[in-house]
There are 2 protein chains.
Amino acid sequence: MKSTSALDVLSALAHPTRLDAFRRLVRSEPDGLSTGQLVDASGLTQSTFSSHLAILVGAGLVLPEKRGRQMIQRANIEVLRDLMLFLAKDCCEGRAELCEPLVAELSHCC
Amino acid sequence: MKSTSALDVLSALAHPTRLDAFRRLVRSEPDGLSTGQLVDASGLTQSTFSSHLAILVGAGLVLPEKRGRQMIQRANIEVLRDLMLFLAKDCCEGRAELCEPLVAELSHCC
DNA sequence: TTCATACATCGGCAATTATCGATGGATTGA
DNA sequence: TCAATCCATCGATAATTGCCGATGTATGAA
């Protein structure tokens, strides 16, 4: 993952509405949620949320699928994984021992 | 890690200058770098970079230490780890199998 | 003490972002 | 066909962010 792409993903997640929507989508995998359901959960207007959603989609964090007249949104876990690898790599390349406790905690978190 | 704190960390990292500075500090662990060295590397003015640095410090990502008349900045890996755990938890709580490939890749990255 | 260095903070300005209501295109059902 | 639903896009406005130069504070050197 390139630094510019990581920045896009970080920026996309660095907003309460978008972080909340993304987490909601992760939890609703693999079914996803319609845009309307996400709008309702956000408490914002439809247009405002739509622009936030476009940012998540633009960063690759969310993959929309057409279903009838509504759009089903699904979280793209791979992009999240890429972001975490990008951040972890900084530790590893600098000093591997910095990364070990990180991986250790991640391993037993699941 | 609370959602608000995660947002602070994400916002702090979601800027090219700040992401670059943080990565630079991770790579220079455990010695750290002086503020002046970071300013030079950023290419920005001293005051502009100082405000960026304040955001990193505010998010807990950077820990400043006084040394004579200069400040030594050090990366705080724990906060990065907390952020990654926060993000990973979303996958785990929703569906553990989403998290497995993530941890697998992280494990052999170091 | 006096001057120079290292860094933080202040004030102002330009650019970006977040929000809304309104409009428009596509799809479904009557 | 016609009306309703779902969602994206447009245009405007208020708030936030990023940047700079100037000023302020603390430390170290002469």
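A, B, ... follow the sequence lines: proteins, then strands. Residue 1 opens every chain. Just so it is clear, the model here is predicted, and its values are computed rather than measured.
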(Q) Need two values: the first and the last nucleotide of DNA chain C, 5' to 3', having an atom under 4.0 Å from any heavy-atom of chain B. (A) dA4(C) to dT9(C)
(Q) Working note: Arg23(B) + Arg27(B), criterion side chain to side chain contact (heavy atoms under 4.5 Å, CB included); need CA distance, chi angles, decisive distance, verdict. (A) CA-CA 6 Å; Arg23(B) 298 181 70 195; Arg27(B) 289 192 225 101; 3.7 Å; yes
(Q) So, taking the atom named NZ in Lys89(A) and the one named CE in Met84(A), what distance separates them when rounded to the nearest 0.5 Å? (A) 15.5 Å
Q) Among side-chain atoms of Gln73(B) and Thr35(B), is any donor-acceptor pair under 3.5 angstrom? A) yes
Q. Between Thr45(A) and Thr35(B), which is nearer to the 5' end of DNA chain C once each is assigned its nearest nucleotide?
A. Thr35(B)
Q: Determine yes or no for a side-chain-to-main-chain donor-acceptor pair under 3.5 angstrom, with Ser51(B) supplying the side chain and Thr48(B) the backbone.
A: yes
Q.
Using a 4.0 Å cut-off on heavy atoms, which residues in residues 46-55 of chain A reach DNA chain C? List them by number, or say none.
A. Ser47(A), Thr48(A), Ser51(A), His52(A)
Q) Does any non-hydrogen side-chain atom of Arg74(A) lie less than 4.5 Å from one of Glu65(A)? A) yes
(Q) Please check this pair: side chain of Arg18(B) against backbone of Ala12(B), looking for a donor-acceptor N/O pair closer than 3.5 Å. (A) yes
Q) Just by distance, do the side chain of Ser28(B) and the backbone of Arg24(B) share a donor-acceptor pair under 3.5 Å? A) yes
**Q.** Side-chain touch Leu61(A)/Asn76(A), heavy atoms, less than 4.5 angstrom
**A.** no
Q. Are the side chain of Ser42(B) and the backbone of Val39(B) linked by a donor-acceptor contact shorter than 3.5 Å?
A. yes
Q. For Leu44(A) and dA8(D), what is the distance between atoms CG and C1' respectively, to the nearest whole Å?
A. 16 Å
Q: Measure the distance from CG on Leu7(B) to P on dT16(D) and round it to the nearest whole Å.
A: 16 Å
Q: Report whether Ile72(A) and Leu63(A) are members of the same hydrophobic cluster (ILVMFWY, side-chain heavy atoms less than 4.5 Å apart, transitive linking).
A: no
Q.
Generate the contact string for nucleotides 24-30 of chain D. Rules: B means base contact, S means sugar-phosphate contact only, - means no protein heavy atom under 4.0 Å.
A. --SBSS-
